Amino acid sequence: MDKISKEKRSRNMSAIKAKDTTPELFVRRFLHGYGYRYSLYKNNLPGKPDLYLRKYKAVVFIHGCFWHQHLNCRYAAVPKSNIDFWHPKLRKNVERDKQNLKTLKKMGYCVFTLWECEIRAAQKGSPGKALKRLISWLAKQNAKEN
Ligand SMILES: [Zn+2]
């Protein structure tokens, strides 16, 4: 009846109980569970990607929906009272993201963007579409020899 071993279950439980439940940690744990190895915070790369998978020369961004203006996302809504303040600011962020993406691709990196709302949805239940998309995307990337 119970396919998960006791040891594994207690490991899962401690993961759930962990204090820090930021989207970043959730994604990291998820990738780790699939056996992917990554490093964190490539500050020397454009846009400072959240995760870097050396084997695939791939980077992953975990974007906040508001700051990075997730298209058609309810969390990206700009407060109407301060629209003159937020609009140029956010537009600059979006522009910068686009530039970073271009530069990274030119440098030969594969880039994957996860949105915070997708991860939050996933945290509530099953891994969710976004994370499954990430896994199948990674599976399609060819491992690169360095
Ligand atoms: Zn969103």
Side-chain angles (χ1 to χ4, degrees), residues 3-4 8-144 146:
K3 279 183 195 149
I4 307 170
K8 197 170 178 192
R9 192 169 44 211
S10 69
R11 219 189 309 144
N12 286 348
M13 295 290 278
S14 63
I16 290 160
K17 257 190 281 177
K19 226 196 277 171
D20 201 340
T21 54
T22 61
E24 285 85 356
L25 264 186
F26 185 78
V27 174
R28 276 193 246 159
R29 240 181 257 134
F30 184 80
L31 282 179
H32 193 85
Y34 272 85
Y36 286 103
R37 295 293 170 263
Y38 50 79
S39 44
L40 304 174
Y41 312 121
K42 297 302 283 183
N43 287 339
N44 54 331
L45 291 179
K48 301 178 186 175
D50 295 285
L51 299 172
Y52 168 55
L53 294 98
R54 185 165 159 268
K55 193 175 167 190
Y56 304 92
K57 209 182 175 184
V59 295
V60 178
F61 285 101
I62 300 161
H63 275 348
C65 298
F66 181 72
W67 289 107
H68 297 272
Q69 286 294 287
H70 190 194
L71 209 62
N72 298 327
C73 173
R74 65 191 171 113
Y75 299 110
V78 180
K80 285 208 170 67
S81 53
N82 281 323
I83 215 149
D84 290 343
F85 171 75
W86 285 113
H87 244 231
K89 206 179 177 77
L90 295 172
R91 223 186 18 222
K92 226 187 266 173
N93 287 351
V94 172
E95 231 8 83
R96 202 182 302 129
D97 288 342
K98 264 190 211 160
Q99 279 308 321
N100 290 336
L101 191 74
K102 251 192 221 167
T103 313
L104 283 165
K105 283 187 174 165
K106 256 188 217 156
M107 291 165 80
Y109 287 95
C110 312
V111 184
F112 193 92
T113 302
L114 278 167
W115 293 95
E116 209 176 318
C117 65
E118 300 176 308
I119 300 160
R120 294 222 179 273
Q123 276 175 312
K124 282 181 195 145
S126 58
K129 275 187 211 144
L131 291 171
K132 281 183 192 152
R133 205 154 40 80
L134 172 60
I135 292 297
S136 60
W137 180 79
L138 279 171
K140 270 185 251 156
Q141 307 303 314
N142 294 316
K144 292 174 176 70
N146 285 35

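Every number for a ligand or one of its atoms is a count from 1 in the order of the listing. Remember, it's a predicted structure, so these values are computed and weren't measured experimentally.
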Would you list the pairs meeting side-chain hydrogen bond (donor to acceptor under 3.5 Å, both in side chains) in which at least one residue belongs to residues 107-117, sequence neighbours left out? E116-R120

Compile the donor-acceptor pairs under 3.5 Å between side chains in residues 66-75 and protein atoms, sequence neighbours left out, one pair per line.
residue, atom, partner, partner atom, Å
H68, ND1, D97, OD1, 3.3
H68, ND1, D97, OD2, 2.7
Q69, NE2, F66, O, 2.9
Q69, NE2, A76, O, 3.0

In chain order, what residues pass the ring pair (Phe, Tyr, Trp, His ring centres under 6.0 Å) check against Y38, with sequence neighbours excluded? none

Going by the angle between their ring planes, with limits at 30° and 60°, are F30 and F26 parallel, tilted or perpendicular? parallel

Which residues and atoms, protein N, O or S only, are under 2.8 Å from the Zn ion (ligand 1)? C65 SG, H70 ND1, C73 SG, C117 SG

Side-chain contact, heavy-atom cut-off 4.5 Å: Y36 with I135? yes

R91 atom CZ, over 12 foreign heavy atoms within 6.0 Å: no

